[in-house]
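This report refers to the structure that appears directly beneath it.
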Protein chains: 2
Amino acid sequence: MEEPPDVVIRRLPLYARSLRYLLQEGVESVSSQELGDRINVTAAQIRKDLSYFGEFGKQGIGYNVRKLLQQIEDILGLTREWPVAVIGIGHLGEAIARYEGFRQQGIRIAGLFDSNPSKIGKVIDGMTVQSIEEADRIIREQGIRLAIIAVPARSAQEVTDRLVMAGVRAILSYAPTVLQVPEGVWVRYIDPVAILHSMTYYLARDIHSTRHNSPES
Amino acid sequence: MEEPPDVVIRRLPLYARSLRYLLQEGVESVSSQELGDRINVTAAQIRKDLSYFGEFGKQGIGYNVRKLLQQIEDILGLTREWPVAVIGIGHLGEAIARYEGFRQQGIRIAGLFDSNPSKIGKVIDGMTVQSIEEADRIIREQGIRLAIIAVPARSAQEVTDRLVMAGVRAILSYAPTVLQVPEGVWVRYIDPVAILHSMTYYLARDIHSTRHNSPES
DNA sequence: GAAAGTATGTGAAGTGTAGCACTAAGTTTG
DNA sequence: CAAACTTAGTGCTACACTTCACATACTTTC
């Protein structure tokens, strides 16, 4: 079996989420077509994606929602719980710490860290903000491999180096800068400003012309 | 000249940002190689991308930082200011409203909206949270075409329909659900949970095997 | 229980993007 | 001022991903 491409891995969580919604709605069976319509992905794409991991459907029927969800969660490693460190407890870091969506499905906020002494000791949702100095030890002790960075761009690289040194292997960064990491460490970015700036291109163009080409991310 | 693909449009803001940093550092000239090294993009990619819009460099020299930045900002429509409506003022919406990064470079938060009466009237950074009922009028009056959605998944589609009806043409959604929009409306998503869930795949795999394929988003 | 209907899994074709490698044009060196 | 060096712009190639379309398999209908 071939190695699944990263684009496929990125779509799996969307399939999983959609299946969770279906489950809540009490739907027990779904076809690749129905699932695809919900998330604007073609049926063939879904079937191809899943085929990297096995055969999960029944011809003539479709997929059992609960079973497929379990299998995708298993593939993604969501059957266990992943402790996550959050670095940088400004407005954004605090919102992340409080976000219910993280609590579920395999993610557990395991530590909040900041370098600003005025933030340290602050309690957010039952968790105490700790000094960044403590991060190394706690990451090592708890075997934390996932971190979310919400610090200013200027300190993001320094924080990253530190985290990687302590054992973090996957980073979700909200800092508006590209991080350099050694082989074997995964970085993904959340960059709302860049997204907005890319959309203004189309808005500006649409104002000047009437030409349209297909939107939708 | 050919229509630039969307992937290229999405990279332009990254180039722009990197050029802004270079400008702050006092660098006046940069080669595609140097710029690429900073943001982990090949030199050829940068040159190819820019070639969709014209010729901005000097052979043997590279690019004038200030000039290239201006030209990219011009392409992206960032020479004017885009008013943005923010819908959903929970922890995240508030963090968005307070984020300094939005204030700069063409984006101006023009209105904060929520459906929860207990939120309405709240003042955030000098802006008063208004009822979602007011959004239609204000979007029309101010010609707002860009919106950020930070509402729960269950109300995201309803809010979207409303915004589109009022004239919004580009939406950045933080809601964990796929939105259906008519032709001519752009939607992009920020989905930290999906990103984390895609990274756990690699973390889980690395624990079970020693095989590595290249990380980095 | 045969025929019609539905939907998966997948080889093959099609599409789009990234990178190579070369030409052209400028600069620096001696 | 010529030779060596640097770097942009770009046609072409290679590759990766998406979509098509069909064989297969299961279900429902009559």
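Quick note on labels: first sequence line is chain A, next is B, and so on, each numbered from 1.
In terms of the ring pair (Phe, Tyr, Trp, His ring centres under 6.0 Å) criterion, residue partners of A/Phe102 (sequence neighbours excluded) are, by chain and number, A/Tyr99. Annotation: salt bridge (charged side-chain N to carboxylate O under 4.0 Å, His left out) contacts of A/Arg162 (sequence neighbours excluded): A/Glu133, A/Asp136. Checked against side-chain hydrogen bond (donor to acceptor under 3.5 Å, both in side chains), A/Arg103 has the following partners two or more places apart in sequence or in another chain: A/Glu100, A/Asp125. Annotation: salt bridge (charged side-chain N to carboxylate O under 4.0 Å, His left out) contacts of B/Arg145 (sequence neighbours excluded): none. With sequence neighbours excluded, no residue forms a side-chain contact (heavy atoms from CB on, under 4.5 Å) with A/Met165.
Under the salt bridge (charged side-chain N to carboxylate O under 4.0 Å, His left out) criterion, the residue pairs touching residues 105-114 of chain B are B/Glu81-B/Arg108, with sequence neighbours excluded. Each salt bridge (charged side-chain N to carboxylate O under 4.0 Å, His left out) pair with one or both residues in residues 55-68 of chain A, not counting sequence neighbours, would appear here, but there are none.
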Cut-off 3.5 Å, no hydrogens considered: what does the side-chain donor-acceptor table look like for residues 20-27 of chain B, sequence neighbours left out?
residue : atom : partner  : partner atom : Å
B/Arg20 : NE   : B/Glu73  : OE2          : 3.1
B/Arg20 : NH2  : B/Glu73  : OE2          : 3.0
B/Tyr21 : OH   : A/Pro176 : O            : 2.7
B/Glu25 : OE1  : B/Arg38  : NH2          : 2.7
B/Glu25 : OE2  : B/Arg38  : NH1          : 3.3
B/Glu25 : OE2  : B/Arg38  : NH2          : 3.3

Donor-acceptor contacts under 3.5 Å from residues 84-96 of chain A side chains, at least two apart:
residue : atom : partner  : partner atom : Å
A/Glu94 : OE1  : A/Lys122 : NZ           : 2.9
A/Glu94 : OE2  : A/Arg98  : NE           : 3.2
A/Glu94 : OE2  : A/Arg98  : NH2          : 3.0

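Between A/Ser32 and C/dT8 there is a side-chain N or O to OP1 or OP2 distance below 4.0 Å. Applying the 4.0 Å criterion to OP1 and OP2 of C/dA18, one finds that B/Thr42 has every side-chain N and O outside that range.
Environment of CD in A/Glu28: sparse, with no more than 12 heavy atoms of neighbouring residues, nucleotides or ligands closer than 6.0 Å.
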Produce the list of close N/O pairs, under 3.5 Å, pairing protein atoms with atoms of nucleotides 14-17 of chain C; give distances to one decimal.
none

Pairs: protein N or O with nucleotides 9-11 of chain C N or O, under 3.5 Å:
residue : atom : partner : partner atom : Å
C/dG9   : OP1  : A/Phe56 : N            : 2.9
C/dG9   : OP1  : A/Gly57 : N            : 2.9
C/dG9   : OP2  : A/Tyr63 : OH           : 2.7
C/dG9   : O3'  : A/Glu55 : OE2          : 3.3
C/dG9   : N7   : A/Arg47 : NE           : 2.8
C/dG9   : O6   : A/Arg47 : NH2          : 3.1
C/dT10  : OP1  : A/Glu55 : OE2          : 3.4
C/dG11  : O6   : A/Lys48 : NZ           : 3.3

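Running 5' to 3' along DNA chain D, contacts with non-hydrogen atoms of chain B at under 4.0 Å begin and end at D/dT6 to D/dC12.
Here the C1' atom of nucleotide C/dA7 and the CG atom of A/Asn64 are 15 Å apart, to the nearest Å.
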